[in-house]
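Just below is one structure, and these are the notes that go with it.
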Amino acid sequence: MLLAEMSLRGEVNLEDPIGVHLPSDVAGRLPPPDLQPTLVDLATHHAGLPSVPLSLLIRSRGPDPYAKFSETMVFDQLGRRTRVPKRAKFQYTNLGMGLLGHILERVAGRPFPALLRERLLDPFGLHGGRHVRHRSRVAQGFRKGKPTPPWTFGALAASGAMRSTPSDLASFARSALDPPPGLAGNAMKLATETRRDGPAHDMASGSDG
């Protein structure tokens, strides 16, 4: 949805190759633009990227494995991983979704949490998530039957760092069924348009990022 919102503002184009919005030294290690994934490929999990490269997980072991993922670590993966034609088949990727969020914050010049709050959460009236950052209000998670602390996501924040409340999730679902007028509502409509085939006939992908 954030990608959709920024495309409606004219800040990005859905079909921009990723190298357009990356530092020149990183873009220079990528394949030619016509062989690079696009922003909408990242959003719909058609960028040909793995969920999380094993090499990153090995370097980030511990109870919060994503926390140490840095911008440099993410960029180091790109020269090795994007040598595929754009619009590859569906492959779920935390790396790609995290990269998309990182690109969008670079374009907007705002940290991802602030960008998300200003562009989407505030317009939809979703404020409960601000109060679940206190550990006492976070539901206890478990991994292999044992309590585990909440994960943080470093440079891959867009792949799963959000925390919310049941009330806000219900409000968001109502907005998805009946988008309100205005830019955020139009972004909701754009984000839910079918753009790519999913892994099954009933799992097509929109452009939500």
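- Atom CZ of Arg117 sits about 11.5 Å away from atom CE of Met162, to the nearest 0.5 Å.
- Met1 is not connected to Leu169 by any chain of hydrophobic side-chain contacts under 4.5 Å among Ile, Leu, Val, Met, Phe, Trp and Tyr, and they are in different clusters.
- Two residues are said to be in side-chain contact when any heavy atoms from C-beta on lie closer than 4.5 Å; Glu5 and Met188 fail this criterion.
- Grouping the Ile, Leu, Val, Met, Phe, Trp and Tyr side chains by contacts below 4.5 angstrom, directly or via other members, places Met97 with Phe172.
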* Could you walk me through whether Glu193 and Lys189 pass salt bridge (Lys or Arg N to Asp or Glu O under 4.0 Å), step by step? => CA-CA 7 Å; Glu193 291 180 5; Lys189 295 175 184 177; over 6 Å; no
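- Pro123 has its side chain out of reach of Leu183: every pair of non-hydrogen atoms, C-beta onward, lies at least 4.5 Å apart.
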Under 3.5 Å, side-chain donor or acceptor atoms of residues 140-154 against the rest of the protein: list the pairs with distances, not counting sequence neighbours.
{"from": "Gln140", "atom 1": "NE2", "to": "Thr148", "atom 2": "O", "distance (Å)": "3.0"}
{"from": "Trp151", "atom 1": "NE1", "to": "Pro63", "atom 2": "O", "distance (Å)": "3.0"}
{"from": "Thr152", "atom 1": "OG1", "to": "Asp64", "atom 2": "OD2", "distance (Å)": "2.6"}

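- The structure places CG of Leu95 at 10.5 Å from CE of Met73, a figure rounded to the nearest 0.5 Å.
- Between Arg29 and Asp76 the shortest side-chain heavy-atom distance falls below 4.5 Å.
- Leu49 is connected to Val26 through a chain of hydrophobic side-chain contacts under 4.5 Å among Ile, Leu, Val, Met, Phe, Trp and Tyr, so both are in one cluster.
- Between Leu190 and Ser7 there is a side-chain heavy-atom pair separated by less than 4.5 Å.
- Annotation: the span from Ile18 atom CD1 to Asp16 atom CG amounts to 11.0 Å, rounded to 0.5 Å.
- Partners of Ser167 according to the side-chain contact (heavy atoms from CB on, under 4.5 Å) rule, which considers only residues two or more places apart in sequence or in another chain, are Thr165.
- Inter-residue side-chain proximity for Glu15 and Leu39 is flagged as unmet; no heavy-atom pair is nearer than 4.5 Å.
- Phe124 CZ to Leu120 CG: the interatomic distance, rounded to the nearest 0.5 Å, is 6.5 Å.
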Distance-only criterion, 3.5 Å: show the donor-acceptor pairs between side-chain atoms of residues 99-108 and protein atoms not counting sequence neighbours.
{"from": "His102", "atom 1": "ND1", "to": "Glu105", "atom 2": "OE2", "distance (Å)": "3.0"}
{"from": "His102", "atom 1": "NE2", "to": "Glu71", "atom 2": "OE1", "distance (Å)": "3.0"}
{"from": "Glu105", "atom 1": "OE1", "to": "Phe112", "atom 2": "N", "distance (Å)": "2.6"}
{"from": "Arg106", "atom 1": "NE", "to": "His21", "atom 2": "O", "distance (Å)": "3.3"}

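- In this structure, the side chain of Gln36 engages the main chain of Pro31 through a donor-acceptor pair within 3.5 Å.
- The closest side-chain heavy-atom distance from Ser70 to Phe75 is not below 4.5 Å.
- Side-chain N/O atoms of Thr38 and Asp41 include a donor and acceptor closer than 3.5 Å.
- A parallel orientation is assigned to the rings of Tyr92 and His45, their planes being inclined by less than 30° (bins at 30° and 60°).
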Test log, rule side chain to side chain contact (heavy atoms under 4.5 Å, CB included), inputs Leu42 and Leu3
CA-CA 10 Å; Leu42 293 178; Leu3 170 61; over 6 Å; no
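- In the hydrophobic clustering of ILVMFWY residues, with side-chain heavy atoms under 4.5 Å counting as a link, Val20 and Val12 come out apart.
- Under the 4.5 Å side-chain criterion, counting only non-hydrogen atoms from C-beta, His127 is not in contact with Leu121.
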